[in-house]
Amino acid sequence: MHRYILSSLVAATILATTPFPTWAETPKDQLVIGLSMTNLLTLDPAEAIGDESFDVLNNLYDRLVEMDAKTPSKIVPGLAETWSTAPDGTLTFTLRSDAKFQSGNPVTSVDVVWSLKRVMKLNRGPASFMRELGYSAESLETTLSAPDEKTVVLKQATKINPEIVLYTLARAVGNIIDSKTVIEHQEGDDLGRAWLTNNSAGSGAFTLRRWSANDAVILDRNDAYWRGQPKMRRVVIRHMPESQSQRLQIENGDIDVARSLSAADLKAMATNKEIKIQKVGSGGFYYLAVSTADENFAKPEVRAVLPYLIDYDGIGTAVIGDYGMKRQVPVPADYPGAIADPGYKLDIVKAKDMLTKAGYPNGFSTEMLVLSDSPYVDIATAIQGSLAQAGITVKIVQGNGTQVYGKMRDRKFSMIIGRSGGQMPNVLGAIQAYTSNFDNSPQSSQTASLAWRTSWDIPELTKLTSEARTESDETKRTALYKQIQEKFLNSAPPLFAVAAATQPSAVRSNVEALTDQQSRSPQWYLVSKR
Amino acid sequence: MLHGIAEKAGPATLPPEVLQTARLLSFWRVFRTDLSGMLGLGVVCVLAILAVLAPLIAPYDPYLQSLTSTLLPPSAAHFAGTDELGRDVFSRLLYGSRTTLLIVVSVSVLVAPIGLIIGVCAGYFGGWVDKVLMRIVDIFLALPSLVLALGFVAALGAGTENAVLAIALTAWPPIARLARAETLTIRNSDFIAAARMYGASSFRIIFAHVVPLCMPSIIVRVTLSMAAVILTAAGLGFLGLGAQPPSAEWGTMISTGRKVMIDHWWVAAFPGVAILITSLSFNLIGDALRDALDPRKG
Amino acid sequence: MSAIPSPHRDQRGQHLRDLASAASGPILSIAVAFIGLLIIIFFMGRILPIDPVLLIVGDQADASTYQQVAREMGYDKPLIQQFFIYAGDALQGDFGRARLTGNLVWSDILQVFPATVELATTAIVIGALLGIPLGVAAAVNRGKALDHILRIVMLMGHSAPIFWLGLMGLIVFYAALHWVGGSGQISLYNMDMVPRVTGFITIDSLLAGETEIFWDAISHLVLPAGILGYSSTAFIGRMTRSFMLDQLTQEYVTAARVKGLSRRQVIWNHAFRNIRVQLLTVLALAYGGLLEGTVLIESVFAWPGLGQYFTNALLIGDMNAVMAATLVIGSIFLGLNLVSDILYKILDPRTR
């Protein structure tokens, strides 16, 4: 009997531990990417909202104009070979003649008009970006036209700096869809929505082979891509929500790119010669927001204390790592027209003193909402620690995106740690959510505005921000930018930039032409492997 | 598994209370001889003492962050190292035992009466009351408890209290079933008939006679599920739906520890060992209890 | 909390009637349970602190988009009306589209289900291979040191948090030793390389003649299945031990020994033979218990199965998907319980 147990134990051990061949590298013609796909909910360009969807869409579709891979603030030709701006702001695009969709259909002005109108007709998340430019499904009928097969004309709906229009068209909203193919797959009047969720109909370097939500996206090469055949035969993207699992796999050579690594893991891999770390500025910010509708934070004196209770240096080095850079103004420091940091420092004594003067000698208790992801929780815990030293007891409540931002949109919160988008690579794109609030009533349509969400009524700042949007003279615009940033800092804002958000990723060193790309969504057709 | 209890409760010839006491005594005599069961009981006792004395024993404040001493490996100063915010893992483990035991006790306190009352009512009244109540039990039993608990806690919102509620909501049906089975055997006994003849109300019979008789087996059954409660709580914590940071809860500690697991194994390893030991001890007690109740298999 | 069988309910009534109700009762139960689930899950979905509309339109959407989508999804109607629309569709077998994938929920589930079956089946095989011999050994050595040691070894698998075992296993066997493949069902570059026939990647790769992919799949399967299997060992082993003890105390065992049969012959040829059917019912129940383990282990190993689908759907409040996944898990659970109940009633001499 004992012998049997022994032998079965041995057998079981062998069974459970037999070494299997594990390959050290992925094949040369496949790019394998690990990232957290929780925000990838659709691959329809008119619906997609998350950065992860943009990464994929960027390689399935082309846009009229694109942001340069190395210098994202530079607009470069995409499907439009050239374009011109009339004095009234009307943009006229001339399409390339050699671009074809993956179906073989040529890319025509009809597709461009159809694609942009489709965004507005479906009226999903991305439509907001067009509406910010003053467009609606109705107004596009008169402002957007195709005089001939290769020409597209876009008139202005409201007076706006044309550069902003170009930036918007270069984003996912401006992805051009093969209208013929999609109309074939239309169900009822859904404009191909059901079909496009899982299929692609673009002119991009890759075609969609399979997408399984929260599992994998697999792309096949578009051999007839108009910019030349991509070097990668397949791109495999795998949902890997945990940073450590991404790190294990990239260190083992099972994936080539890891896109959602924690600060600590990035740091640990910094010395690994087989892996390069890439940091891309996002234009967005990690922020601390407090509601001015909250009884404690309604007082400007209380809000004024907060900059002295954020350990900017500690967060910048120990907590946030490659996820951000120390910055106290919600505008990236390298943008033209950005002002210097005001130089806040963690100062408990001063903060306590200010709190006492504001009528809170013993501090108070409050609640902080935070996304349960890295690095949000880490930032929240760090701020919780420093606030506690000044007597402010903070209870951290974690939640997912809709929970946290849902409460914020309902304007029902005390404190939130969140991240702002950075819609355009310029001062305005970075700061407008902080400084624009047209209508502080609960019925306002400007629900994306952080100022509105914190119930912060700022008519003057709002007016300055609108002026900057319409101003097409660069010198005047830069002056306005400065004025907006300074006024923002001096108005005891309920919004505090904690750090400039960067998008870090780790890349195996045999992967070429990826780490030198600086745009948020890389172009995979450029990538090759050694 | 517990039919043993129901069978032995059988038609009573002695006064039921006497029978109960005798049953418990003989039961303890069997249990006492079970080596691994006693080991489990010993560990749980030590754990309870540690939990109560945690503020006195813990070398550090479990919530005190120190960004200058993060992720230190185990040493004489920090027996189990420090975590990503520089908190002492050993102290957090000690405080975590409080959370865990608190969850176990609260779930038990919630579940026992709910299961007992539903089961006794179903068993005592029979008929449609029984049918309806047992159908509800069936619905709950139709799903793995973790799946149900996940659903409830997602609906109620994450947090220790809600985790307790969610686990309790999924843990009462087996208890109700047992209480019903017990009641069925008691209902037809002579002394209940006697009580009825003296004109005692249903309410009185249930609470004065049936419930006390069911109690011992219910308590045993609750003990049996404690290990499972610990694991479910840890699982919820691990998925981010249990106790919330910065509170020290073992499952939550593993969940945050996994973020630094490759280079700093101790942050996730020790809470896992703590769960393992605790849940193993409860399981050993449970195993011994089952054997003691069913000596044929001991 | 693995399933613990409760073979004896009421022992009143006649055996035949019992058998009839054994078949019809559970079916009625399933029907009632189904409606109960519909109600619970619908209202759970509505009180979830997750805004499904915001999930679709995104944080930066403005109010007009938000309201349009809310209207399209029927969220502007009264709650009761929403429920009847939902229940009506569900009763016709239409669980709608998963919010996450935009696909019909059923097609999603068909997509992910084989992965879970593959994992759980391998696990139950491992669990049986470990649990049954250990249980027999414990029974034979009842009360001795080996009995206690085996009990503790088996109970450890049941007591350790399964997600923690998974994490530690990955660190040791994948990261440090390189013995097994990492998370996922297969190496990423091998994904979608063999045509999907059965959905079981091991079988599909063999059908396609890709032995390299087959071994790749096995190397990914071993660790999660081993851990799941180990976790079910305690239950299987305990039941085996107790069934064996029943047999070993019977008279025929002593008689056989007196007749001069060897200990081993008595144990395996007589006692074990008699408990095989009982063990089948135990394995059926253990399999149900494994479904629960898959929820956590799939999350740790990024296993593209039903457990992960369920957790993901739940975390974003995709109630259509949660509902269908719950029903599938629930039906399997009920089905396995039913099978083991019926087996028990038919085969157990004591209830006969």
Side-chain angles (χ1 to χ4, degrees), chain B residues 1-3 6-7 35-36 135-136 138-139 141-147 150-152 154-157 170-171 174 177-178 181 184 224-225 227-229 231-232 234-235 238-240 250-251 254 258 261-262 265 268-269 271-272 275-284 287 294 296-298, chain C residues 1-10 29-30 32-33 36-37 40-41 44-45 47-50 142-143 148 151-152 155-156 158-165 167-168 171 175 234 238 241-242 245-246 249 288-289 291-292 295-296 299 310-311 314-315 317 322 326 329-331 333-334 337:
Chain B
M1 293 302 302
L2 280 147
H3 50 275
E7 281 161 7
L35 195 77
S36 39
R135 284 285 174 258
I136 297 175
D138 280 345
I139 295 172
L141 284 178
L143 285 170
S145 53
L146 180 71
V147 171
L150 272 173
F152 282 128
L156 296 167
T170 64
R177 217 175 228 194
L178 174 67
L184 284 177
L224 287 182
S225 60
V229 169
L231 287 181
T232 309
F238 177 71
L239 292 174
W250 295 338
I254 296 179
R258 84 188 288 197
M261 199 174 55
I262 304 177
W265 55 269
I275 299 176
L276 172 59
I277 292 177
T278 315
S279 136
L280 181 62
S281 306
F282 276 109
N283 268 328
L284 286 173
D287 243 24
D294 196 357
R296 188 165 45 100
K297 290 172 186 173
Chain C
M1 301 190 190
S2 53
I4 292 167
S6 55
H8 299 254
R9 292 189 187 143
D10 309 338
S29 293
I30 290 174
V32 176
L37 276 178
I40 292 180
I41 288 175
M44 205 183 254
I47 56 171
L48 272 185
I50 291 171
R142 157 192 188 183
H148 288 285
R151 178 190 283 188
I152 291 182
L155 269 182
M156 290 231 300
H158 191 58
S159 308
I162 197 163
F163 52 90
W164 178 76
L165 281 183
L167 293 174
M168 295 294 141
I171 289 282
R238 183 185 165 84
R241 176 178 178 274
S242 115
L245 283 180
D246 273 354
T249 48
L291 287 176
E292 186 168 88
V295 171
L296 287 166
S299 148
F310 172 79
T311 337
L314 193 70
L315 290 177
V322 168
T326 310
I329 297 176
S331 318
F333 214 65
L334 276 175
N337 273 306

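Chain A is the first sequence line, chain B the second, and so forth, proteins listed ahead of strands; every chain is numbered from 1.
- The shortest heavy-atom contact between C/M156 and B/L276 is O-CD1, 3.7 Å.
- Note that CG of C/L296 and CG of B/L150 are 7.5 Å apart. Values are rounded to the nearest 0.5 Å.
- Within the 4.5 angstrom heavy-atom criterion, no atom of C/A175 approaches chain B.
- Using a 4.5 Å cut-off between heavy atoms, C/L155 touches chain B through backbone and side chain atoms alike.
- The most heavy-atom pairs under 4.5 Å with chain C, out of B/G235, B/A269, B/P174, come from B/A269.
- Shown here for B/L35 and C/H148, the closest heavy-atom pair between the two residues is CB-CE1, 3.7 Å.
- Contact check for C/W164 versus B/I275: no side-chain heavy atoms found under the 4.5 Å cut-off.
- Note on B/L284, B/I136, B/T278: by heavy-atom pairs under 4.5 Å with chain C, the leading option is B/L284.
- Summarising the geometry of B/G272 relative to C/P161, their closest heavy-atom pair is O-CD, 4.1 Å, with the distance given to 0.1 Å.
- Heavy-atom distances place the side chain of C/T311, and not its backbone, under 4.5 Å from chain B.
- Heavy atoms closer than 4.5 Å to chain C are found in both the backbone and the side chain of B/A234.
- Ranked by heavy-atom pairs under 4.5 Å with chain C, the list B/S281, B/G251, B/A268, B/P271 is led by B/A268.
- Considering all non-hydrogen atoms of both residues, C/S159 and B/N283 come closest at OG-ND2, 2.9 Å.
- Of the residues considered (B/L146, B/I262, B/I277), B/L146 shows the highest number of contacts with chain C, using heavy-atom pairs under 4.5 Å.
- Residue with the most contacts toward chain C among B/W265, B/F282, B/F152: B/F152 (heavy-atom pairs, distance under 4.5 Å).
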